[in-house]
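Here is the structure we will look at, set down as structure tokens.
A quick note: this is a predicted structure, and the numbers were derived from the prediction, not measured. Lettering follows sequence order; numbering is per chain, from 1.
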Protein chains: 2
Amino acid sequence: MPWQFDIPEATVQRLSTYLTILRRLEGQGMPTVASSDIAHLANVNAAQVRKDLSYFGDFGRRGLGYRVPELREHLQRILGLSEGRNVIVIGAGNLGSALVGYPGFEPRGFHVVGIFDSDPAKSGSKLYGHEIFPMDRLAELVPRIGAEIAIIAVPGPAAQSVANDLVAVGIACILNLAPVHVNIPAGVACRRVDMTGQLEVLSFCLSSFSSAPEGEQVQ
Amino acid sequence: MPWQFDIPEATVQRLSTYLTILRRLEGQGMPTVASSDIAHLANVNAAQVRKDLSYFGDFGRRGLGYRVPELREHLQRILGLSEGRNVIVIGAGNLGSALVGYPGFEPRGFHVVGIFDSDPAKSGSKLYGHEIFPMDRLAELVPRIGAEIAIIAVPGPAAQSVANDLVAVGIACILNLAPVHVNIPAGVACRRVDMTGQLEVLSFCLSSFSSAPEGEQVQ
DNA sequence: CAGTGTGAAGCGCTTCACAGCT
DNA sequence: AGCTGTGAAGCGCTTCACACTG
């Protein structure tokens with residue numbers, strides 16, 4: 001996951017959480033907020049909030065806290081969201097369709113600007129007003145529509161091949177929803193969201209291993 | 001996230017990854033596998049794989065590695081997946097619908113056994129063969145259908161209230177897909193999957209902060 | 001005073017390195 | 001020789017504590 005300076009990945013993830021919180025506070029008309037308030041809403045330590053923010057500047061005023069709209073704007077800029085981001089979705093199956101119709105992306109600045117599917121039968125048909133393109137038009141269309149981020153929403157076995165295609169046409173940021181790790185060259189950022197994997201962690205919480213008294217079960 | 005013994009959360013997450021890998025290897029007929037092979041496929045250190053597994057027992061044979069079907073079974077048991085898990089989905093909107101139709105759950109042992117939605121207009125209609133129930137039947141139906149895990153697939157503002165309802169009817173494991181942190185009492189496990197948050201991390205990779213804070217390109 | 005910014009301590013995960021089986 | 005299991009070292013994130021400031 002390539003960024004050059006000494007900023008923990010966990011910090012960047014929390015920044016995204018803080019941004020969501022600040023948007024809500026701003027909507028409620030709150031003028032300022034203390035690190036301890038943000039911390040409470042994000043379920044982290046207050047010093048953590050301050051340290052996270054201090055990587056990027058001195059945004060607070062001592063004795064007062066942070067001005068909500070100001071900090072919200074800073075976070076947006078830090079995360080590169082000031083002008084929104086163009087996203088393409090690969091895979092127009094069940095998952096891909098849901099993504100394209102998901103109303104949560106636009107308000108947070110992500111615009112779906114293209115859908116691709118390897119199935120020629122799907123080409124030309126529309127999904128929530130977006131045309132589905134065949135995979136072999138990727139190289140032609142990615143620069144034209146200004147795609148910056150690609151979401152892989154294909155079945156596991158196809159994910160690596162799709163990732164290769166994306167890298168080949170110059171995509172540098174990939175969100176992988178398939179339940180497999182894909183290899184990508186250095187310089188390309190790839191993150192994976194594995195819902196089923198999270199369900200498996202929850203299943204572990206239910207299993208005897210997470211609660212059974214000492215020594216039982218382990219052979 | 002409540003489990004009593006000293007097992008890192010990251011370890012449990014990786015176990016889920018290993019299980020996926022082992023299923024693939026088993027499908028390919030591979031009889032044994034070395035920690036270094038698993039490590040390569042999961043993109044982690046080989047010692048990490050061995051240490052993760054050693055929390056739960058001595059599954060390997062020195063000089064040989066791990067027997068694939070045997071280890072796969074162990075992992076399934078550790079994760080509490082031997083008999084599958086019953087899941088309910090709260091929210092029959094865009095996201096909820098996609099989940100119910102998502103073909104990736106069943107093969108990994110998660111059975112959708114109920115869909116709930118607060119909108120009375122949706123009650124009674126069907127989604128991929130599953131009836132949609134009104135929220136006020138939660139208390140009655142959860143024990144009857146044996147629901148163990150709930151997925152919150154409602155908009156952010158409704159998430160906390162839904163979480164409260166789930167806890168009230170005895171659900172102890174929650175997967176939260178809403179982009180907000182929800183407060184839950186100790187003893188209840190709650191995990192969040194925030195796709196938009198991951199997109200924001202990727203956006204950070206594209207932003208000037210990740211590559212050139214002072215206008216300098218370091219490479 | 002209230003609350004930020006931050007060096008330093010704390011802590012837990014990751015990696016190393018090697019003893020010990022097969 | 002090949003590979004596991006594991007104590008110990010390494011390392012980086014988190015938390016503490018406090019100087020400092022409006």
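Listed by chain and number, the residues in a side chain to side chain donor-acceptor pair (under 3.5 Å) with B/Q13 are A/Q198 (sequence neighbours excluded). Scanning for side chain to side chain contact (heavy atoms under 4.5 Å, CB included) contacts around A/R24 gives A/Q28, A/L41, B/V180, with sequence neighbours left out. Residues satisfying the side chain to side chain donor-acceptor pair (under 3.5 Å) criterion with A/S203, sequence neighbours excluded, are B/R85. For B/N183, the side chain to side chain donor-acceptor pair (under 3.5 Å) test picks out no residue, with sequence neighbours left out. Scanning for side chain to side chain donor-acceptor pair (under 3.5 Å) contacts around A/N45 gives an empty result, with sequence neighbours left out. For B/R14, the side chain to side chain contact (heavy atoms under 4.5 Å, CB included) partners at least two apart in sequence or on another chain are B/A10, B/T11, B/Y18, B/V44, B/Q48, B/D52.
Within the 3.5 Å criterion, the main-chain N or O of A/V12 finds no donor-acceptor partner in the side chain of A/S16.
Counting to the nearest Å, the C1' atom of C/dT4 and the CZ atom of A/F56 are 17 Å from each other. Atom OH in A/Y55 sits about 17 Å away from atom P in C/dT4, given to the nearest Å. In this structure, the CG atom of A/N45 is 14 Å from the C1' atom of C/dG5, given to the nearest Å.
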Can you give the donor-acceptor pairs under 3.5 Å from side chains of residues 55-66 of chain A to other protein atoms, not counting sequence neighbours?
residue, atom, partner, partner atom, Å
A/R61, NH2, A/E70, OE1, 3.0
A/R61, NH2, A/E70, OE2, 3.0

Distance-only donor-acceptor hits, side chain of residues 89-97 of chain A, under 3.5 Å, sequence neighbours excluded:
residue, atom, partner, partner atom, Å
A/N94, OD1, B/Y128, OH, 3.3
A/N94, ND2, B/G101, O, 3.1
A/S97, OG, A/A92, O, 3.3
A/S97, OG, A/G93, O, 2.5

Identify each donor-acceptor pair in which a side-chain atom of residues 29-40 of chain A lies under 3.5 Å from a protein atom, sequence neighbours left out, and give them as a table.
residue, atom, partner, partner atom, Å
A/S35, OG, A/R50, NH1, 3.0
A/D37, OD2, A/A34, N, 3.2

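Nucleotides of DNA chain D that come within less than 4.0 Å of any heavy atom of chain B span, from the 5' end to the 3' end, D/dG2 to D/dA8.
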Distances under 3.5 Å only, N/O to N/O: pair up the protein atoms with those of nucleotides 17-19 of chain C.
residue, atom, partner, partner atom, Å
C/dA17, N6, B/R50, NH2, 3.3

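Both A/Q48 and A/R61 sit near DNA chain D, but only A/Q48 has its closest nucleotide nearer the 5' end.
Of the residues in residues 10-39 of chain B, B/A10, B/R14 come within less than 4.0 Å of DNA chain C through at least one heavy atom, sorted by number.
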